[in-house]
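To start, the structure under review is shown below, and the notes come after it.
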Amino acid sequence: MKIAVIGGGTMGVGIAHRFAVNGAEVVVVDVDLAAADEAVARILATLRTAARRGKLDAAEVAAAGARVSAAGSITDLASGLDLIVEAVIEEVSLKRSILSAAEKQDPRVLASNTSSISIDALADGLAKPERFAGMHFFNPVWAMHLVEVIRGEATSEVTLNSIASMVEFLGMEQAVINDAPGFATSRLGVLVGLEAIRMVEEGVATAVDIDRAMSLGYRHPMGPLMLGDLVGLDVRLKIASHLASVYGERFEPPDLLRTMVADGRLGKKSGTGFYDWTSGSPVPVEES
Ligand code: NAI
């Protein structure tokens, strides 16, 4: 299998890692060749980390690493790849222009890893929308087992079957959702996350107590505020703003979320969010 990932950030690195470990040849494209080279270096680092944790042996790391390469432009990609998956930032106009450039390389399947934008909205302007679908991966991709597959109005059965085979190739499971902004996971997950932030804002409980309530009371693997820190509060804010624009007030981002993002408190990636991550593990920061 030969694929390309466009956007070598958090998700692009994870998607490339998972495909390469399972035997696919992967080309990573970013804004230029230097950025794509950096993304490949991060993939090699994640492979070494997997080896340190006993998930891969040295031969598997070397083989997977050898299957990953960098490209500075979509036009450098070979024609007729099995899959091109877009994983750039959550902006409709950027994604549309990337997808229409990627389509010219004639991939068998064209996919977006968007976490909230309608697949039909992204398909607008594509010459072959029947080959396009959402493939929503979860962070960290090497440890998560779900691909939320989003079927657009025009997505063909052939495309869905190809995606189902790829999901199996990755050793993952799929949930197929008809296109609607936020799909199933972001629509539900972000709503819970926003309500939890409103509860901190209103002084209903501390972040730690809200998270403990949901993880022990509902058996969620982690609470909604810690999850927001892991995803990135800026990412959450972008998704919430987009969903508010289509579903209205119930997705309106709370002031506390806007303030934290404006102050650079983005969660784990910036060192602090609802928790202090500077020591490597989350330590409560109570802001209520
Ligand atoms: P990120 O900000 O870590 O990475 C975005 C990457 O895209 C960067 O490497 C950037 O240089 C690159 N990029 C920007 N413009 C580009 C262009 N014109 N051509 C090529 N590359 C370009 O973002 P992240 O977190 O990886 O998110 C990517 C997508 O995945 C977004 O749509 C997001 O909503 C979605 N997503 C994010 C999840 C998360 O937990 N962070 C989970 C699931 C989906």
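In each ligand, atom 1 is the first atom listed, and ligand 1 is the first ligand listed.
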Do NZ/NE/NH1/NH2 and the carboxylate oxygens of Arg198 and Glu195 come within less than 4.0 Å? yes
At a non-hydrogen distance cut-off of under 4.0 Å, which region of Lys238 contacts ligand 1 (side chain, backbone, both, or neither)? neither
Note the single closest protein heavy atom to atom 41 (N) of ligand 1, along with its residue, its atom name and the distance in Å. Val231 O, 3.8 Å
State the atoms of ligand 1, each with its element, that fall below the 4.0 Å cut-off from a heavy-atom position in Asn139. 40 (O)
Do Leu256 and Leu194 land in one hydrophobic cluster if side-chain heavy atoms of ILVMFWY residues count as linked below 4.5 Å? yes
Just need the protein heavy atom nearest to atom 4 (O) of ligand 1, so name the residue and atom and give the distance. Gly9 CA, 3.2 Å
Classify the contact between Val31 and ligand 1 as side chain, backbone, both or neither, using a heavy-atom distance cut-off of under 4.0 Å. both
Show your reasoning for whether side-chain contact (heavy atoms from CB on, under 4.5 Å) applies to Thr49 and Arg53. CA-CA 6 Å; Thr49 303; Arg53 293 186 177 155; 3.9 Å; yes
Please work out, at 4.0 Å between heavy atoms, whether the side chain, the backbone, both, or neither of Ile239 comes within that distance of ligand 1. neither
I need the single residue from Val5, Ile6, Ile98, Val88 that forms a side-chain contact (heavy atoms from CB on, under 4.5 Å) with Val29. Which is it? Ile6
Should one rank Ile98, Val85, Val141, Ile89 by closest heavy-atom distance to atom 17 (C) of ligand 1, which comes out on top? Ile98
Applying a 4.0 Å heavy-atom criterion (strictly less than), which segment of Phe138 is in contact with ligand 1: side chain, backbone, both, or neither? neither
Distance from atom 39 (C) of ligand 1 to nearest protein heavy atom, with residue and atom: Met11 SD, 3.7 Å
Short version for Leu94: what comes under 4.0 Å of ligand 1, heavy atoms counted, is side chain
What protein heavy atom sits nearest atom 10 (C) of ligand 1, and how far away is it? Asp30 OD1, 3.5 Å
Out of all atoms in ligand 1, which are within 4.0 Å of some heavy atom of Lys95? Include the element for each. 31 (C), 32 (O)
List the steps, then state whether side-chain contact (heavy atoms from CB on, under 4.5 Å) holds for Asp30 with Glu38. CA-CA 9 Å; Asp30 209 291; Glu38 275 175 36; over 6 Å; no
Measuring from non-hydrogen atoms of Ala87 to any atom of ligand 1, is the shortest distance under 4.0 Å? yes
With a cut-off of 4.0 Å, which atoms of ligand 1 are near a heavy atom of Ser115? 33 (C), 34 (O), 35 (C), 36 (N), 44 (C)
For His136, counting its heavy atoms only, list the atoms of ligand 1 lying under 4.0 Å from any of them. 43 (C), 44 (C)
Side-chain donor-acceptor pair present, Asp179, Ser118, cut-off under 3.5 Å: yes
For His17 and Thr46, what are the C-alpha separation, side-chain angles and deciding distance, and is it a side chain to side chain donor-acceptor pair (under 3.5 Å)? CA-CA 8 Å; His17 172 123; Thr46 63; 2.8 Å; yes
Would the distance check show the side chain of Arg48 and the main-chain N or O of Val61 forming a donor-acceptor pair, the cut-off being under 3.5 Å? no
Going by an N to O cut-off under 4.0 Å, is there a salt bridge joining Lys128 and Glu103? no
So, are Arg108 and Asp82 salt-bridged, with charged N and O less than 4.0 Å apart? yes
Closest protein heavy atom to atom 43 (C) of ligand 1, given as residue, atom name and distance to 0.1 Å: Phe137 O, 3.1 Å
For ligand 1, is there an atom lying under 4.0 Å from some heavy atom of Ala35? no
Once you measure the plane-to-plane angle for Tyr218 and His220, does it fall in the parallel (<30°), tilted (30-60°) or perpendicular (>60°) bin? tilted
Note the single closest protein heavy atom to atom 35 (C) of ligand 1, along with its residue, its atom name and the distance in Å. Asn113 O, 3.4 Å
re atom 3 (O) of ligand 1, the protein heavy-atom contact at minimum distance is Thr10 N, 3.0 Å
Is there a path of hydrophobic side-chain contacts, each under 4.5 Å between heavy atoms, that joins Met199 and Tyr275? yes
Among Val5, Val88, Ile15, whose heavy atom sits nearest atom 31 (C) of ligand 1? Val88
State plainly whether the residues Glu252 and Arg258 are in salt-bridge range, i.e. N to O under 4.0 Å. yes
Considering only protein heavy atoms, which is closest to atom 32 (O) of ligand 1, and at what distance to one decimal place? Glu90 OE1, 2.4 Å
Ligand 1 to Gly8, heavy atom cutoff 4.0 Å, flagged ligand atoms 9 (O)
